[in-house]
Amino acid sequence: MIELTVNNRKLQLDVAEQMPLLWALRDHLGLTGTKFGCGAGLCGACTVHLDGKAIRSCVTPISSAQGKRITTIEGLSAVSDHPVQLAWIAEDVPQCGYCQSGQIMQAVALLAETPQPSEQQIEQAMAGNLCRCGTYNRIKSAIRRAAKSNESMAVAAVNTALVDNEATEVRS
Amino acid sequence: MISRREFLTVSLATGGGLLLGFSTASQAETAPASVVPAVASGKDFAPNAWVRIAPDGQITLVVSASEMGQGAMTALPMLIAEELDAEWGRFNTEFAPANQAYANPLLGGQITGGSATVRGFYTKMREVGATAREMLLQAAAKQWSVSANALITEPGRVVHPGSGRIALYGELAEAAASVPVPGSVMLKSEKDFRIIGKPTPRLDTPIKVNGQAGFGIDARPEDLRIATIERCPVFGGKVKSFDATAAKAVKGVLAVIGLDHGVAVLARDYWTAEQGRQQLKIDWDLGPLADLSSEGITRMLRAGVETKARPAAKHGQGAGALPSAGSKKIFRAVYQVPYLAHTCMEPMNCTAAVTADGVTVWAPTQAQGNAQRAAAKAAGVDASKVMVHTTFLGGGFGRRSESDFVTEAVQLAKQHGHPVKVIWSRPDDVQHDYYRPIAYNELSAELDAHGMPKTWVHRIAGPSIWSRIAPARVKNGIDPSAVEGAADLPYAIPNLEVTYALIDPGVPVGFWRSVGHSQNAYVVECFLDELAAQSGQDPFEYRKKLLKDQPRYLAVLEKAAEMANWGKPLPKRHHHGIAVAKAFGSYCAQVAEVSIESGKPRVHKVHCAIDCGVAVNPSGVEAQMQSAIVYGLTAALSGKITLKNGRVQQQNFNDYPALRIDEMPEIAVAIIGSGVESGHTLGGVGEPGLPPIAPAVVNALRAATGKPQRELPIRL
């Protein structure tokens, strides 16, 4: 049994320790917002947070996520009103949308660490997240927009950090 | 575990799946009677297959094209809502099921491709909305005993200005359902548009920022098994025999199933299935292509480019106008482009369930009809027994007009007796694609005394897409997709000849964003630039002279040049390149600003002017220009599929890279709205932004280095 905290819920999962976190989330927990793109940490579509840091869940064995807080796109905000999501909506960023969960999780991690990123910092932080539709310029605009609303974002980050210890579920 | 019912509910809520209240006047023969959901309610007003209004006011609009990022799910409802006079955004959308009733009028099939969605449905969807509105007016007129001519609509309601009476559409739904469908309707004139032409946020954005949008890979019907397939590494090869012992010994592997072209491993999750797959021992019959290599393919094309040439276009004296072969007056060049993979962000996948009642398929498909037929064939049932649920597509680019992934899922679901989702790994996706055709081009030209081309001869050799998909389209040896953008050259050149040699090395080829234009615009626009340089002329002015009778080409060319301040000083070591192309009915010109940094091309800015007749959603048109430029730039800078021993040598984003955000140019887009009422054709937007980018960048590099780049991807 592997114990996980996913989106503030404690879970137990009976899967192999080497299974990448991505497939535990998608195929065993039904959290399909996190996407499979390359299976090799090359495209960023599978980006989630581990203790608030952006990681590639397709190359992260589930064992290394034990005891840490996992946040997926579904856990970013209950009603899709995280400042980064709102900025994405305001800039009408997505096209096919497949990479956007990963893009947003990467951007949230960037802004948590660097509330006012420079152009170069945005490019560096986002360079691991591919988008074949070419939404990059709108992504940049959305990150700049979210950076402007940084006070409210700091509040959201605190809310996310409040771990709900009540619900423990067993999944397989 | 999310149940099948929940998945469908989610799909519905997010516009991604099941059509509930299907009701159509034109019942097609392929309508799967057993699986078409019941008409929602006898009280609904459903005048056609696209509009349904419930008495509670809920409006549902059916989207007859796939949403793969290009914005169909927003643009088509804009057309309906414009004429229906619906309140924008106050309606649900649903993706159409496989049914010929939803065929694109321009393509004749239910296909999302060829930049044809808005072009094909522009009039039809407006008529659909206008019909519903007319019937609502008639219903109100009857209720109020007034003439319908005395009534108007405001968004979402019918108004009688004379008396001040108002009825919401929902209140009229039941009465409107019994109004005879009018034979013809009046459509608004362009100047009266309230929705069309206004930059409109996409309807699918909210569910694409929170993980709710249901893509094909997200389908999770109850009792689902995940399959991964080891396919023969050589195209056309087959399984001779296999040993599944070690694979079956992997904990969690549920089954190993042999197919013609590969062996599938099934488990409850993808990773476990992959673990099993790695333990397979397969003896392959590699077939006749086991020695194929890129070098060999190029030799085949070079050898056949003249000997197998068939005429595609000729005017004046054609090649006969060229001076004798050895003449120094002839300017020659050989241009080459490689095979390209699509690498949609969402790897190929499909989910299928096969029961005694029929087949259910959840597919990220650009071609519901093809998917339905493929599923029927794989299951051995009639197409009427196949229900296709179209999900969101994580990119399409032409790849998802194929149905190979549907066939696999249905074959496995049938054999295994449980619902199966087949998921391709990224290497599977890169190595088993239907590639953009490779092409080998020999060009010759002679310039007149003013340095303008007097004779232009373009010989193309390459494989043919239509030969596999619809052989009847290949006439006299000419695949139209191989010569588009080359045989219809807009430039005023007195003698022109274009030939095509159909040479098929055996590598599967298919539609890739902008198809033949993707290579031909590069070849002709770069060769033309070389001619301009040869005669010492400015490439923009050179084109202007050759396009003086082509006003729509000229307009976009001049606009892009104006946006870029063509001819004015640029930052140090920055250079401009220009190119123009017409594809899928739209005219597009681009100027690229490029420099060379650490020996590599760096594209700083792209100025793009597009004339697509009417821009239904200008925000969407802008996004599609950016999108096509990035897709084309990726190919120009790094796209190349090579073969050795019959095997594709690339496998993932490390060796088949895609443009990243730190390489992204600024992109400025100008839309020239020429309007279609003036008699201009309506053009597409999904693809026309792609053809000019490679030549614009390459021409800028030639300006920088003085050397042409006659092969893609660019290598300095």
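Predicted model only: the values in this text are computed from it and were never measured. So that the names make sense, note that chain A is the first sequence line, chain B the second, and so on, each numbered from 1.
Atom CD of B:E597 has more than 12 neighbouring heavy atoms from other residues, nucleotides or ligands inside a 6.0 Å radius.
The SG atom of A:C99 sits 12.0 Å away from the CD atom of B:E346 when rounded to the nearest 0.5 Å. Of the inter-residue distances, the one linking A:C58 atom SG with B:R426 atom CZ reads 11.0 Å to the nearest 0.5 angstrom. Taking CZ of B:F215 as the start and OG1 of A:T32 as the end, the distance is 10.0 Å to the nearest 0.5 Å. Here the CH2-CD1 distance, from B:W271 to A:I62, works out to 10.0 Å after rounding to the nearest 0.5 Å. With values rounded to the nearest 0.5 angstrom, B:I661 atom CD1 is found 7.5 Å from A:N137 atom CG. Considering CZ of A:R26 and CD1 of B:I226, their distance stands at 8.5 Å, rounded to 0.5 Å.
Annotation for A:F36 and B:I423: closest pair CE2-CG2, 3.8 Å, computed over non-hydrogen atoms. Annotation for B:M664 and A:G134: closest pair CE-O, 4.3 Å, computed over non-hydrogen atoms. Nearest approach of B:F653 to A:G37, heavy atoms of both residues: CE1-O, 4.1 Å. Nearest heavy-atom pair across B:R660 and A:N129 is NH1-N, 4.3 Å. Smallest separation of non-hydrogen atoms from B:D269 and A:M19: OD2-CE, 3.2 Å.
For the 3.5 Å distance criterion, the side chains of A:R132 and B:T343 qualify, holding a donor opposite an acceptor. In the model, B:Q275 has no side-chain atom that pairs as donor or acceptor with a side-chain atom of A:Q18 under 3.5 Å.
At distances below 3.5 Å, not a single donor-acceptor pair connects side-chain atoms of A:Q100 with backbone N or O atoms of B:K208. Not one N or O on the side chain of B:R202 forms a donor-acceptor pair closer than 3.5 Å with the backbone of A:D92. Remark: side-chain polar atoms of B:N652 are paired, donor with acceptor, to backbone N or O of A:C38 under 3.5 angstrom.
With chain A as partner, the option from B:N654, B:I217, B:L393 having the largest number of non-hydrogen pairs under 4.5 angstrom is B:I217. Ranking A:C96, A:G128, A:G97 against chain B, the residue ahead of the rest is A:C96, based on heavy-atom pairs under 4.5 Å. Here B:M345 is the residue among B:E274, B:M345, B:M68 with the most heavy-atom pairs under 4.5 Å with chain A. When each of A:K35, A:E74, A:Q103, A:E119 is checked for heavy-atom pairs under 4.5 Å with chain B, A:K35 comes out on top. Interface check for chain A: of the options B:P206, B:A628, B:P665, B:S627, the most heavy-atom pairs under 4.5 Å are formed by B:S627.
Only the backbone of B:T200 comes within contact range of chain A, with at least one heavy atom under 4.5 Å from a heavy atom of that chain. With a 4.5 angstrom heavy-atom cutoff, A:I139 touches chain B only via side-chain atoms. For a residue to count as touching a neighbouring chain, one of its non-hydrogen atoms must lie under 4.5 Å from one of that chain's; by this rule B:L633 does not touch chain A. Heavy-atom distances place both the backbone and the side chain of A:I89 under 4.5 Å from chain B. Interface residue B:T272: only side-chain heavy atoms are found under 4.5 Å from chain A. In this structure, the portions of B:V209 lying under 4.5 Å from any heavy atom of chain A include both its backbone and its side chain.
Between A:Y98 and B:P364 the shortest side-chain heavy-atom distance does not fall below 4.5 Å. The closest side-chain heavy-atom distance from A:L76 to B:N210 is not below 4.5 Å. Taking the side chain as every heavy atom from C-beta outward, A:Q124 and B:D662 never approach each other to under 4.5 Å. Side-chain contact between A:P94 and B:D204 is absent, with no heavy-atom pair separated by less than 4.5 Å.
By the 30° and 60° cut-offs, the orientation of the rings of A:W23 relative to B:Y270 is tilted.
The pair A:D27-B:R220 fails the salt-bridge criterion, with no side-chain N (NZ, NE, NH1 or NH2) lying under 4.0 Å from an Asp/Glu carboxylate O. The pair B:E622-A:R138 meets the salt-bridge criterion, with a side-chain N (NZ, NE, NH1 or NH2) lying under 4.0 Å from an Asp/Glu carboxylate O.
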